[in-house]
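Scope of the values below: all heavy atoms of this structure, side chains included, with no hydrogens, waters or symmetry mates. All figures in this text were calculated on a predicted structure; none of them were measured in a lab.
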Amino acid sequence: LTSYLEHLHTVDDGEHATKDHTTLLLNCYTKLKDTDKLDQFIASSSPTPEGKGGEAKSRAHFDVDTAILVLKQAGYDEHALQLARQHKDHEWYMRIQLNRPTPDYE
């Protein structure tokens with residue numbers, strides 16, 4: 001199942017992967033406690049350098065908000081924070097930080 005879902009997210013820049021596919025894939029990784037795969041998944045979505053318009057483009061082959069929510073609900077706050085930070089999703093970043101027992105405001 002994991003291999004199939006990974007393939008969906010990589011073929012044609014993930015155009016065939018839905019939010020449900022992303023949720024299922026991330027749930028597979030978290031249930032298997034496969035942090036290496038989570039790290040690779042998150043790294044593969046790093047925004048590209050800024051272009052002429054001054055904004056970085058997302059290379060995410062999945063819905064970032066869905067991924068952050070799934071990771072947070074599974075207890076992978078550090079991964080959720082990393083994803084929020086990479087995609088400059090300040091609202092999610094602060095929401096996660098404020099709900100942590102010891103927030104890290106760096």
Side-chain donor or acceptor of H79 paired with backbone N/O of K72 under 3.5 Å: no
Atom NE2 of H16 with >12 non-hydrogen neighbours under 6.0 angstrom: yes
Donor + acceptor pair across side chains of Q82, Y93 (<3.5 Å): no
L32 reachable from L8 in the ILVMFWY side-chain graph, under 4.5 Å edges: no
Matching residue for T23 among L25, N27, L26 - test: side-chain contact (heavy atoms from CB on, under 4.5 Å): N27
Nearest-0.5 Å distance that lies between atom CG in D65 and atom NE2 in H87: 10.0 Å
Nearest-0.5 Å distance that lies between atom CD1 in I96 and atom CZ in R85: 9.5 Å
Lys/Arg N to Asp/Glu carboxylate O, E78 vs R100, below 4.0 Å: yes
Atom pair CD1 (I68) and CG (D77), whose distance is rounded to the nearest 0.5 Å: 11.5 Å
Backbone of T66 reached by a side-chain donor or acceptor of D63 within 3.5 Å: yes
Nearest non-hydrogen partners of K37 and D34, listed with the distance: CG-OD2, 2.9 Å
Same cluster (ILVMFWY, side-chain, under 4.5 Å), Y29 and L1: yes
Stepwise side-chain contact (heavy atoms from CB on, under 4.5 Å) check, L83 with S45: CA-CA 8 Å; L83 198 53; S45 76; 3.5 Å; yes
Salt bridge (Lys or Arg N to Asp or Glu O under 4.0 Å) partners of residues 16-33, not counting sequence neighbours, each pair once: none
CD on Q86 to CG on L81, rounded to 0.5 Å: 11.5 Å
Partner residues of F41 under the ring-ring contact (aromatic ring centres under 6.0 Å, His included) criterion, sequence neighbours left out: H9, H61, F62
Residues T35, Y76; criterion side-chain contact (heavy atoms from CB on, under 4.5 Å); working and verdict: CA-CA 9 Å; T35 55; Y76 284 80; 3.9 Å; yes
Atom pair CG (L5) and CG (L24), whose distance is rounded to the nearest 0.5 Å: 5.0 Å
Beyond-backbone contact of V70 with T22, side-chain heavy atoms, under 4.5 angstrom: no
